[in-house]
Amino acid sequence: MLDIKYLRQNIDLVRQKMDERGQKIDFDRFLDLEAKRRDILQAVESLRNERNSVSKQVGELKKKKEDASVLIEKMGDVSIRIKEYDESLRVTEEELNAFVMIVPNIQHESVPKGTGSEDNPVVRTWGEKPVFSFEPKQHFDLGENLNILDFARGAKITGARFTLYRGAAAQLERAITNFMLDLHTGNHGYTEVFTPFMVNAESMTATGQLPKFKEDLFKIEGMEYYLIPTAEVPVTNIYRDEILEEEKLPIYFVAYSACFRAEAGSYGKDTRGLIRQHQFNKVEMVKFSKPESSYDELEKLTANAEEVLKKLGIAYRTVCLCTADLGFSSAKTYDVEAWLPGQNTYREISSCSNFEDFQARRAAIRYRRKDNGKVEFVHTLNGSGLAVGRTVVAVMENYQQADGSIIVPEALRPYMRGLERITP
RNA sequence: GGAGAGAUGGCUGAGUGGCCGAAAGCGAUCGCCUGCUAAGCGAUUGUACGCCCUUCAAAGGUGUACCGCGGGUUCGAAUCCCGCUCUCUCCGCCA
């Protein structure tokens with residue numbers, strides 16, 4: 001959420017920024033609502049002021065056993081007017097709030113302008129794409145041939161976009177998860193947390209999933225609880241409605257979680273395999289940072305995600321999302337894309353973003369500056385470190401052999417009880 | 001699921017209708033004092049949103065709101081009433 005006062009005072013800049021993002025937003029309506037709110041607020045506050053001072057007089061008169069009935073009668077009318085104003089204030093604030101809650105974040109000045117994902121510049125590439133003496137297969141064919149990925153039974157148990165892992169694939173999923181958690185906690189300074197997989201509506205609103213993206217979420221029947229689409233939600237909400245001490249910052253958390261996404265509107269996309277599932281596992285890194293260092297933290301966060309692929313020996317490239325491709329809450333995002341030989345393309349495996357104070361304002365996550373005691377919003381960041389299912393895909397496709405077996409990358413062998421090769 | 005108790009500032013905790021944004025203590029910050037440390041003394045110490053002042057902001061002034069959340073009663077609510085949420089204790093069930 002953007003600051004209302006900032007929005008009012010910088011409306012032309014915001015219009016231009018939203019234009020670059022391809023967002024059409026009726027800011028005139030905002031300005032009307034905002035002015036209306038202040039008018040009502042002033043009116044009702046001055047009435048309250050009157051009531052407070054008269055009530056005080058009433059108290060003094062009664063103490064002296066004098067008659068206060070004239071004042072009391074007058075105040076009855078004032079209270080009714082206050083109630084009326086309160087109601088119109090409530091309605092106006094609700095409308096204003098509904099408006100600002102669906103305005104995206106303002107992109108950082110370094111974000112490239114563009115009109116679609118084809119305009120995302122590649123900022124770096126790493127690693128050698130493997131060379132095969134045969135036609136490399138896609139992971140779903142490899143997995144079915146090895147009898148370690150069972151899409152048909154996943155669909156039987158639940159439905160489309162659910163998968164049954166068996167044997168080495170199930171172990172690989174678990175190995176990758178543990179490998180990544182150990183890397184980030186052991187080498188990158190993150191504290192591991194384990195969170196609820198269901199959250200309430202307040203938490204979803206704080207990180208930006210609600211109200212605008214309700215249709216992407218799974219909701220629990222009969223309760224205001226939602227299945228998390230990413231651990232970003234519960235982890236960022238750890239400090240909702242709190243004021244942190246400056247010396248605690250930056251705070252680094254890493255969390256494994258299952259993630260649940262309705263994938264509304266993605267019918268026909270990536271219908272085969274593990275790339276797009278309703279349920280998948282992810283290791284997520286979340287940071288709480290001081291404003292002045294958040295962009296340094298974003299670079300480090302992205303490097304932490306890339307490190308996983310380096311350790312696994314999988315080629316990747318990192319792109320910077322352009323204005324049109326940037327997510328709702330983000331001010332700047334790098335996507336890390338792993339090379340998938342079976343698909344002959346790079347696919348997103350991590351997304352690392354700086355939200356600046358956009359989430360912090362919604363969530364009321366603040367910190368007190370040591371030097372002047374002032375309270376201000378933290379910056380929040382997060383990035384996948386990495387999406388586990390997609391990492392399984394990358395390992396399978398990059399390490400496949402002519403006979404259909406899969407070599408286990410060295411870094412994962414300790415987590416696979418020394419297994420070097422997955423064979424039928 | 002049943003019964004009971006509770007929710008007040010960074011923390012502990014007082015407060016049953018007006019003098020309460022809230023005692024006291026702890027903690028924190030600043031200053032004084034003191035060979036150092038400790039102790040002592042003094043001051044300060046919530047957040048949000050308006051308005052005034054200011055080129056803007058900060059500072060300052062002023063107003064309003066907030067004692068778990070939402071309603072109600074009343075001239076006036078932390079305090080009384082109703083609903084909800086959460087926490088704790090006991091019982092039942094349970095991985």
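In what follows, every chain begins at residue 1, and chains take the letters A, B, ... in the order their sequences are listed.
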So what does [X] touch, heavy atoms closer than 4.0 Å: a base, only the sugar-phosphate, or nothing?
{"X": "K5(A)", "result": "sugar-phosphate"}
{"X": "L41(A)", "result": "sugar-phosphate"}
{"X": "K62(A)", "result": "base"}
{"X": "V54(A)", "result": "nothing"}

*Please list residues of residues 77-95 of chain A whose heavy atoms come under 4.0 Å from any atom in RNA chain B, ordered by number; otherwise none.*
S79(A), K83(A)
*asked:* Tell me which residues in residues 196-207 of chain A lie within less than 4.0 Å of RNA chain B, going by non-hydrogen atoms.
replied: none
When the distance from [atom1] of [X] to [atom2] of [N] is rounded to whole Å, what number comes out?
{"X": "Y367(A)", "N": "U47(B)", "atom1": "OH", "atom2": "C1'", "answer": "17 Å"}
{"X": "D3(A)", "N": "C49(B)", "atom1": "CG", "atom2": "C1'", "answer": "11 Å"}
{"X": "D241(A)", "N": "U85(B)", "atom1": "CG", "atom2": "P", "answer": "19 Å"}
{"X": "K370(A)", "N": "U45(B)", "atom1": "NZ", "atom2": "P", "answer": "18 Å"}
{"X": "K374(A)", "N": "U29(B)", "atom1": "NZ", "atom2": "C1'", "answer": "16 Å"}
{"X": "I40(A)", "N": "U64(B)", "atom1": "CD1", "atom2": "C1'", "answer": "15 Å"}
{"X": "D39(A)", "N": "G50(B)", "atom1": "CG", "atom2": "P", "answer": "13 Å"}

Nearest-angstrom distance, [atom1] atom, [N] to [M]:
{"N": "C19(B)", "M": "C66(B)", "atom1": "P", "value": "14 Å"}
{"N": "G9(B)", "M": "G27(B)", "atom1": "C1'", "value": "13 Å"}
{"N": "C91(B)", "M": "C82(B)", "atom1": "P", "value": "29 Å"}
{"N": "C81(B)", "M": "A23(B)", "atom1": "C1'", "value": "28 Å"}
{"N": "C52(B)", "M": "C56(B)", "atom1": "C1'", "value": "16 Å"}
{"N": "A78(B)", "M": "C93(B)", "atom1": "C1'", "value": "39 Å"}
{"N": "G15(B)", "M": "C80(B)", "atom1": "C1'", "value": "15 Å"}
{"N": "U29(B)", "M": "U54(B)", "atom1": "P", "value": "37 Å"}

*Assign each of E34(A) and Y225(A) to its nearest nucleotide of RNA chain B by heavy atoms, then name whichever residue's nucleotide is nearer the 5' end.*
E34(A)
*Where each residue is assigned the nucleotide of RNA chain B containing its nearest heavy atom, which of E45(A) and Q9(A) is assigned the position nearer the 5′ end?*
Q9(A)
Of the listed nucleotides ([options]), which one gets closest to any side-chain atom of [X]?
{"X": "M75(A)", "options": "G46(B), C75(B), G50(B)", "answer": "C75(B)"}
{"X": "R48(A)", "options": "A58(B), U47(B), A65(B)", "answer": "A65(B)"}
{"X": "N49(A)", "options": "C75(B), G46(B), U64(B)", "answer": "U64(B)"}

*What heavy-atom pair brings G404(A) and L142(A) nearest, and what distance separates the two atoms?*
O-CD2, 4.1 Å
*Can you name the residues that form a salt bridge (charged side-chain N to carboxylate O under 4.0 Å, His left out) with R161(A), not counting sequence neighbours?*
none
Under 3.5 Å, is there a donor-acceptor pair between the side chain of [X] and the main chain of [Y]?
{"X": "Q209(A)", "Y": "P229(A)", "value": "no"}
{"X": "T323(A)", "Y": "G114(A)", "value": "yes"}
{"X": "S330(A)", "Y": "G327(A)", "value": "no"}

Who pairs with [N] - Watson-Crick or G-U, where each distance is under 3.5 Å:
{"N": "C66(B)", "result": "G46(B)"}
{"N": "G4(B)", "result": "C88(B)"}
{"N": "G76(B)", "result": "none"}
{"N": "A14(B)", "result": "none"}
{"N": "C93(B)", "result": "none"}
{"N": "A39(B)", "result": "none"}
{"N": "G60(B)", "result": "C52(B)"}
{"N": "C33(B)", "result": "none"}

*Between E376(A) and R366(A), is the closest basic N to carboxylate O distance under 4.0 Å?*
no
*On a plain distance test, is the side chain of Q42(A) in donor-acceptor contact with the base of G50(B) below 3.5 Å?*
no
*asked:* Filter on ring-ring contact (aromatic ring centres under 6.0 Å, His included), then keep only pairs touching residues 352-393 of chain A, sequence neighbours left out; what's left?
replied: F328(A)-F358(A)
_Tell me which pairs pass ring-ring contact (aromatic ring centres under 6.0 Å, His included) where either residue lies in residues 260-288 of chain A, with sequence neighbours left out._
F162(A)-H278(A), F218(A)-H278(A), Y239(A)-F288(A)
Set of residues satisfying side chain to side chain contact (heavy atoms under 4.5 Å, CB included) with respect to [X], sequence neighbours excluded:
{"X": "P414(A)", "result": "none"}
{"X": "E66(A)", "result": "L61(A), K64(A)"}
{"X": "Y6(A)", "result": "D3(A), N10(A), L13(A), V14(A), I106(A)"}

_Measuring to OP1 and OP2 of G10(B), would you say a side-chain N or O of R368(A) lies under 4.0 angstrom away?_
no
_Contact under 4.0 Å: N52(A) side-chain N or O vs G76(B) OP1/OP2_ = no
*With H184(A) via ring-ring contact (aromatic ring centres under 6.0 Å, His included) - residues at least two apart*: H188(A), Y190(A)
